[in-house]
Amino acid sequence: MTTVIQNVAVPTLAYTGDILIANGRFAAFGQHLNGDTIIDGTGLTALPGFVDVHVHFREPGFTAKETIATGAAAAAHGGYTTVVAMPNVNPVPDNVADFVDITKRNAAVPIHVKQWAAITKGRTSTQSVDMAALKAAGAFGFSNDGNGVQDAATMAAAMTAAQHLNLPIAAHIEDEGLMQHGVVNAGKLAQKLNLPGIPNVAESAQLARDLELAAATNVHYHACHISTKESVALIRAAKAAGVHVTAEVTPHHLLLDETDIHADDPAFKMNPPLRSRADHLALIEGLADGTLDMIATDHAPHTAADKAGSMATAAFGIVGLETAFSLLYSQFVTTKMFTLTQLVNWLSSAPATAFGLPAGKLIVGAPADVTLVDLTRQGTIDDHTWLSKGHNSPFIGRPYTGAVVKTIASGQVAWTE
């Protein structure tokens, strides 16, 4: 069976025409192509399927928050064709049996779901996992996301082992001794709301340690959800020195800062927290100059009960897969701060390239992962349309321009409006 997307704009190839898909791959780009199935692309734009290397699908163990099926549906709704799930589930994929169980579940959904394995047993211990066995089982790389690796010797040993296997280490960067049990950014906001604050140094101090260890081991070190100006400066310097570091920033840290929080509202509680305006601007500058490589949602669904009450007790995290493109396109592309090409790079091509994924390109022979968007569609963020179980977001009701209308993974429609 073949599929043709007709009369669609393809900005990466600078033309409007047809796309032929055969056997799950792009077969031709041109005019007046024929296929068994026709998709009318008139008025739409074809983009490489989005790639997110940092999502939480909560299964197994926390399926009231999300399942792999609902998380994958949310991803497809948001235009994502490849995601990589974090290992803070129960049981933790810190051994081959539990890792294989998750990968079998991941394979049952219509998009590509890859899996991080844990760095240490249980994610919070100092006991190393069998990285070689987990690589053989299909591990994408290793992360204790949700917890920073507190012991330097443990991180150094993990980096050495991962480097020998040519797999990345992804770090949730957080010195727990400096966190001060905080729930918002330290400073005026914390004082105003009478809530404990998280200082910038809780992130940047551990990042500085990790970058030194990455330089010593030559591992591919991936810095998750960077939030501070100090961290941006550290990564910029490390890259200039030749350290193999990549870094991500979330849509919420690009779109919001602590001045957007006006009350004790758990919808705004995330880790790392929304920082100062100066930090926010440093993140945008770091993305623009290549210090930060990609945008990752850190999609973190919770139940309504998890996010109820005060920021002092509610869970950290917001959902993001279903809103990322529309919000980022509205904020940055329609205002001409960035181009569509830049945004597509950060959402698709850059993460694919950084991690060697067969994604991010609309070229003959590549897997037919494509996201069709209507760049003129306007609306407001409406969580009633979401496919995720989680509705924890501060963006509900926010106006947008630009929407995903169809997502195709390996030539098959994964979601359509």
Side-chain angles (χ1 to χ4, degrees), residues 10-13 45-55 75-76 78-84 111-112 114 168 170 220-229 231-232 235-236 239 244-257 272 279-299 318-363 366 369-373 375 395 400-404 407:
V10 188
T12 57
L13 300 177
T45 299
L47 304 176
F50 304 149
V51 176
D52 192 339
V53 299
H54 189 155
V55 303
Y80 288 88
T81 54
T82 300
V83 300
V84 191
I111 65 167
H112 313 293
K114 299 185 179 297
H220 175 187
Y221 174 77
H222 181 68
C224 295
H225 45 51
I226 291 300
S227 71
T228 75
K229 59 184 183 298
S231 295
V232 173
I235 293 167
R236 186 177 288 120
K239 286 190 170 187
H244 188 183
V245 55
T246 55
E248 69 187 38
V249 61
T250 70
H252 42 279
H253 287 106
L254 291 170
L255 296 166
L256 301 169
D257 61 57
D279 293 308
H280 170 84
L281 294 175
L283 295 175
I284 295 173
E285 180 183 0
L287 190 64
D289 69 16
T291 300
L292 306 180
D293 300 270
M294 66 196 74
I295 298 172
T297 66
D298 190 12
H299 176 79
I318 72 171
V319 292
L321 284 168
E322 295 176 87
T323 58
F325 175 77
S326 293
L327 291 171
L328 293 165
Y329 182 82
S330 301
Q331 181 74 16
F332 294 123
V333 181
T334 66
T335 61
K336 301 187 185 306
M337 181 180 294
F338 297 129
T339 66
L340 178 60
T341 298
Q342 287 175 298
L343 180 59
V344 169
N345 178 56
W346 296 322
L347 289 176
S348 182
S349 308
T353 299
F355 290 96
L357 292 166
K361 296 179 180 178
L362 300 183
I363 59 174
D369 297 342
V370 59
T371 298
L372 301 182
V373 298
L375 298 179
F395 294 112
Y400 68 82
T401 299
V404 174
T407 302

Q: Considering non-hydrogen atoms only, spot the tightest contact between A247 and I235 and give its length.
A: CB-CD1, 3.7 Å

Q. Can you tell me how far CG of L343 sits from OG of S349, rounded to the nearest 0.5 angstrom?
A. 10.5 Å

(Q) Counting C-beta onward and ignoring hydrogens, is there a side-chain heavy-atom pair between L340 and L375 closer than 4.5 Å? (A) yes

Q.
If we ignore hydrogens and angles and just use 3.5 Å, is the side chain of H280 paired with the main-chain N or O of L256 as donor and acceptor?
A. yes

Q) Is the closest side-chain heavy-atom distance between P251 and I295 below 4.5 Å? A) yes

(Q) If you compare all heavy atoms of D279 against all heavy atoms of S227, which two are closest, and at what distance to 0.1 Å? (A) CB-O, 3.6 Å

Q. Looking only at heavy atoms, what is the nearest atom pair of A75 and I111, with distance?
A. CB-CD1, 3.6 Å

**Q.** Residues T250 and D298: side-chain donor-acceptor under 3.5 angstrom
**A.** no

Q) What are the two closest heavy atoms between H220 and A354, and how far apart are they? A) CE1-O, 3.5 Å

Q) Could you state the interatomic distance from CG (L362) to CG (D369), rounded to the nearest 0.5 Å? A) 9.5 Å

(Q) Rounded at 0.5 Å granularity, tell me how far OG1 in T407 sits from CZ in F50. (A) 8.0 Å

Q: Report yes if the side chains of P11 and T45 come closer than 4.5 Å at any heavy-atom pair, otherwise no.
A: yes

Q: Go through L357 and H112 one step at a time and tell me if the side chain to side chain contact (heavy atoms under 4.5 Å, CB included) criterion holds.
A: CA-CA 11 Å; L357 292 166; H112 313 293; over 6 Å; no

Q.
With a 4.0 Å cut-off on N to O distance, would you call D293 and K239 a salt bridge?
A. yes

Q: May I ask you to check whether F395 and H252 place their ring centres under 6.0 Å from each other?
A: no

Q | Polar side-chain atom of S348 near backbone of N345 as donor-acceptor pair, under 3.5 Å | A | no

Q: Return the orientation label for the H225 and H54 ring planes: parallel under 30°, perpendicular over 60°, tilted otherwise.
A: tilted

Q: Please name the pair of heavy atoms, one in T82 and one in A359, separated by the smallest distance, quoted to 0.1 Å.
A: OG1-CB, 4.3 Å

(Q) As an exercise, state the distance from CD of Q342 to CG of L328, rounded to the nearest 0.5 Å. (A) 12.5 Å

Q. Within a strict 4.5 Å, meaning less than it, do heavy atoms of the P272 and H253 side chains meet?
A. yes

Q.
Is any side-chain heavy atom of D289 closer than 4.5 Å to one of R236?
A. yes

Q. Which heavy-atom pair separates S231 from I226 by the least distance, and what is that distance?
A. CB-CG2, 3.8 Å

Q: Would you confirm whether S330, through its side chain, and Y400, through its main-chain N or O, come within 3.5 Å as a donor-acceptor pair?
A: no

Q. Mind checking whether Y329 and F325 have parallel, tilted or perpendicular rings, split at 30° and 60°?
A. parallel

Q. What is the distance from atom CG of L347 to atom CE of M294, rounded to the nearest 0.5 Å?
A. 11.0 Å

Q) In Å, rounded to the nearest 0.5 Å, how long is the span from CZ of F355 to NE2 of H222? A) 4.5 Å

**Q.** Worked verdict on I284 versus M337 for side chain to side chain contact (heavy atoms under 4.5 Å, CB included)
**A.** CA-CA 10 Å; I284 295 173; M337 181 180 294; 4.2 Å; yes

